[in-house]
Amino acid sequence: MNMSKDVILTGDRTTGQLHLGHYVGSLRSRVQLQNEYKTYILLADVQALTTHYDQPGLIADSVHQVTLDYLAVGIDPNQATLFIQSMIPEIAELTVIFSMFVTVNTLRHNPTIKTEARDRGYTDLYYGFLGYPVSQAVDIAFCKATLVPAGEDQIPHIETARKLVRRFNELYAPVLPEPRILTGERLGGLDGIGKMSKSMGNAISLNASPDDVHAKLTKAKTDPARVHRTDPGHPDICPVFAYHQLFRKEHAVEIHASCSQGSIGCRDCKHLAGTAINELLSPFRERRAYYEQRGNEVKEILAEGTRQARQVARETMLEVREAMGIRYFDL
């Protein structure tokens with residue numbers, strides 16, 4: 001039973017299947033918190049257009065695949081409301097309103113926007129890409145969310161959301177609560193460069209087969225200074241050791257010592273990490289297989305969640321219009 005007064009909003013852009021980085025950074029906490037808080041989880045297909053506007057087929061397919069990922073890791077549709085962003089027109093309406101009191105310079109200097117634009121090689125920013133933080137602020141505001149489980153890279157976005165909500169309340173009326181972020185752990189990518197990411201191709205997907213997990217780890221970067229198996233290693237700079245710390249916590253100290261002394265090779269170290277990851281993913285694969293055979297049930301979960309979110313959005317927009325003095329009559 002969701003007893004807390006806090007409301008959670010979280011979600012993912014539908015640009016492909018989710019991976020271990022998503023699980024460590026956010027999904028794990030969503031599963032833990034869904035029984036304590038009123039939880040909304042959005043499939044952000046509109047925001048997916050900011051980088052994949054020319055791939056609508058991928059986005060549509062990913063709505064289904066990401067929903068399967070959610071159900072596989074343990075999101076309970078009886079506890080959490082799963083909904084599709086594009087099917088809530090009030091989100092678009094409130095996005096326009098919020099965009100009226102945020103400056104272009106504020107958006108251009110958002111660290112996350114700057115980093116992603118650089119990583120994607122964008123020299124000129126599309127309006128939708130630049131306005132991503134405004135759209136995200138509305139996702140949070142429409143359901144009056146107060147808590148947002150997300151990675152540390154989302155901190156600038158949440159701060160923008162706080163400022164926009166605060167500005168709205170100052171201009172019109174205290175209708176919307178200011179959200180706060182609940183940060184999760186960060187998982188590095190297999191290539192040892194930055195975080196695990198779909199776009200970087202350095203991730204292990206949540207529905208990866210056991211063989212695929214081991215195959216990906218076989219190619220993972222390790223300590224570049226370690227040439228021979230018996231060379232002393234430096235586990236603190238090795239991406240694979242970080243996986244031991246997360247997925248084999250009880251053995252991490254032992255692995256650290258063995259690597260430092262050169263008594264375990266990188267291949268064996270990777271195999272142990274892969275085995276632990278497969279143990280984590282095993283129940284996810286089972287639940288995913290269950291829902292893959294029940295497409296109509298998955299569709300109805302999304303439809304019902306979207307209906308519930310739409311009703312909340314209607315109610316919020318009535319309050320917003322009332323506060324602004326633009327609720328001329330009801331339609």
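Predicted model only: the values in this text are computed from it and were never measured. Atoms considered below: every heavy atom in the structure, side chains included; atoms not considered: hydrogens, waters and symmetry mates.
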Check: With a cut-off of 6.0 Å (strictly less than), are more than 12 heavy atoms of other residues, nucleotides or ligands near CE of Met317?
Finding: yes
Margin query: Checking the side chain of Gln34 only, and the main-chain atoms of Gly74 only, is there a donor and an acceptor separated by less than 3.5 Å?
Written below: yes
Check: Is any side-chain heavy atom of Ile140 less than 4.5 Å from a side-chain heavy atom of Ile158?
Finding: yes
Next item on the list: Ignoring hydrogens and angles, tell me if any N or O in the side chain of Ser282 forms a donor-acceptor pair with the backbone of Asn278 under 3.5 Å.
Entry: no
Check: Hey, what's the ring geometry for His271 with His214, parallel, tilted or perpendicular (30° and 60° as the breaks)?
Finding: parallel
Notebook entry, point to check: Going by heavy atoms in the side chains, are Pro77 and Leu71 under 4.5 Å from each other?
Noted result: yes
Item checked: Test item: Ser26 side-chain N/O and Ala150 main-chain N/O as donor-acceptor pair under 3.5 Å -> no
Check: Which value, rounded to the nearest 0.5 Å, describes the distance between Leu43 atom CG and Leu82 atom CG?
Finding: 6.0 Å
Checklist line | side chain to side chain contact (heavy atoms under 4.5 Å, CB included) partner of Tyr172, the single match among Arg167, Glu322, Met324 | finding: Met324
Next item on the list: Keeping the roles fixed (side chain from Arg310, backbone from Ile88), state whether a donor-acceptor pair exists under 3.5 Å.
Entry: no
Next item on the list: Could you pull out the closest heavy-atom pair between Asp45 and Val63, with the gap in Å?
Entry: CB-CG2, 4.2 Å
Next item on the list: Mark yes or no for whether Ser135, through its side chain, and Tyr132, through its backbone, hold a donor-acceptor pair below 3.5 Å.
Entry: no
Check: Tyr126 vs Tyr53 aromatic rings, parallel, tilted or perpendicular, using cut-offs 30° and 60°?
Finding: perpendicular
Next item on the list: Could you tell me whether the side chain of Ile181 reaches within less than 4.5 Å of the side chain of Glu159, counting heavy atoms only?
Entry: no
Item checked: Under-4.0 Å salt bridge between Asp12 and Lys198 -> no
Next item on the list: Check whether any side-chain heavy atom of His64 sits under 4.5 Å from a side-chain heavy atom of Val298, and report yes or no.
Entry: yes
Item checked: Intermediate values then yes/no, side-chain contact (heavy atoms from CB on, under 4.5 Å), Glu279 and Phe247 -> CA-CA 9 Å; Glu279 289 176 359; Phe247 307 119; over 6 Å; no
Next item on the list: Kindly determine whether Glu300 and Arg307 satisfy salt bridge (Lys or Arg N to Asp or Glu O under 4.0 Å), including the steps that lead there.
Entry: CA-CA 10 Å; Glu300 181 52 36; Arg307 282 191 287 266; 2.6 Å; yes
Next item on the list: Output the distance between atom CD1 (Ile204) and atom CG (Leu190), rounded to the nearest 0.5 Å.
Entry: 4.5 Å
Item checked: Arg229 atom CZ, neighbour heavy-atom count above 12 within 6.0 Å -> yes
Item checked: Reported OG1-to-CG distance for the pair Thr10 and Leu42, which is rounded to 0.5 angstrom -> 8.0 Å
Next item on the list: Anything under 30° is parallel, anything over 60° is perpendicular, the rest tilted; go ahead and classify Phe142 against Phe83.
Entry: perpendicular
Margin query: Donor-acceptor check, side chain of His19 to backbone of Gly21, threshold 3.5 angstrom: yes or no?
Written below: yes
Checklist line | Interatomic distance, Leu107 atom CG to His157 atom NE2 [nearest 0.5 angstrom] | finding: 10.0 Å
Next item on the list: Just do the side-chain contact (heavy atoms from CB on, under 4.5 Å) check on His244 and His251 with the steps written out, would you?
Entry: CA-CA 7 Å; His244 284 274; His251 300 293; 5.8 Å; no
Notebook entry, point to check: Does some side-chain heavy atom of Arg180 sit less than 4.5 Å from a side-chain heavy atom of Leu147?
Noted result: yes
Check: Just wondering, do Thr51 and Tyr122 contact through their side chains at under 4.5 Å, heavy atoms?
Finding: yes
Next item on the list: Could you state whether Ile155 and Ile113 fall into the same hydrophobic cluster, counting links through intermediate Ile, Leu, Val, Met, Phe, Trp or Tyr residues with side-chain heavy atoms under 4.5 angstrom apart?
Entry: yes
Checklist line | Quiz item: cation-pi between Arg288 and Phe284, 6.0 Å / 45° | finding: no
Check: Can you tell me how far the SG atom of Cys266 sits from the CG atom of Leu217, to the nearest 0.5 Å?
Finding: 12.0 Å
Notebook entry, point to check: Going by distance alone, is a donor N or O of one side chain under 3.5 Å from an acceptor N or O of the other, for Asp6 and Thr146?
Noted result: yes
Notebook entry, point to check: Is Leu272 linked to Val213 within one hydrophobic cluster, defined over Ile, Leu, Val, Met, Phe, Trp and Tyr using a side-chain heavy-atom separation of less than 4.5 Å?
Noted result: no
Margin query: Could you tell me if Ser205 and Asn207 have a donor-acceptor pair between their side chains, going purely by distance under 3.5 Å?
Written below: yes
Margin query: Just so I know, are the side chains of Leu176 and Thr316 near enough to count as touching, which here means a heavy-atom distance under 4.5 Å?
Written below: yes
Notebook entry, point to check: Any sub-3.5 Å donor-acceptor pair from Ser99's side-chain atoms to Val96's backbone N or O?
Noted result: yes
Next item on the list: Indicate yes or no: does Glu170 engage Lys163 in a salt bridge with an N to O separation below 4.0 Å.
Entry: no
Note to self: Counting C-beta onward and ignoring hydrogens, is there a side-chain heavy-atom pair between Arg30 and Tyr70 closer than 4.5 Å?
What the structure shows: yes
Notebook entry, point to check: Is the side chain of Thr50 donor-acceptor paired with the backbone N or O of Gln47 at a distance under 3.5 Å, no angle test?
Noted result: yes
Note to self: How long is the straight-line distance from CG of Asn35 back to CD of Gln79, given to the nearest 0.5 Å?
What the structure shows: 4.5 Å
Notebook entry, point to check: Any salt bridge between Arg186 and Asp153, counting N to O under 4.0 Å?
Noted result: no
Margin query: Can you tell me if Glu297 has over 12 outside heavy atoms packed within less than 6.0 Å of its CD?
Written below: yes
Margin query: Is it the case that over 12 heavy atoms from other parts of the model lie below 6.0 angstrom from the CZ atom of Arg108?
Written below: no
Notebook entry, point to check: Is it true that Asp330 and Arg321 have a side-chain N and a carboxylate O under 4.0 angstrom from each other?
Noted result: no
Checklist line | Enclosure of Asp54 CG (heavy-atom neighbours >12, cutoff 6.0 Å) | finding: yes
Item checked: Any donor-acceptor N/O pair, Asn202 side chain to Met196 backbone, under 3.5 Å -> no
Item checked: Donor-acceptor side-chain pairing of Asp69 and Gln17 below 3.5 angstrom -> no
Notebook entry, point to check: Side chain of Lys38, backbone of Val7: donor and acceptor closer than 3.5 Å?
Noted result: no
Margin query: For residues Val46 and Val66: do they belong to one hydrophobic cluster (side chain heavy atoms under 4.5 Å, members Ile, Leu, Val, Met, Phe, Trp, Tyr)?
Written below: no
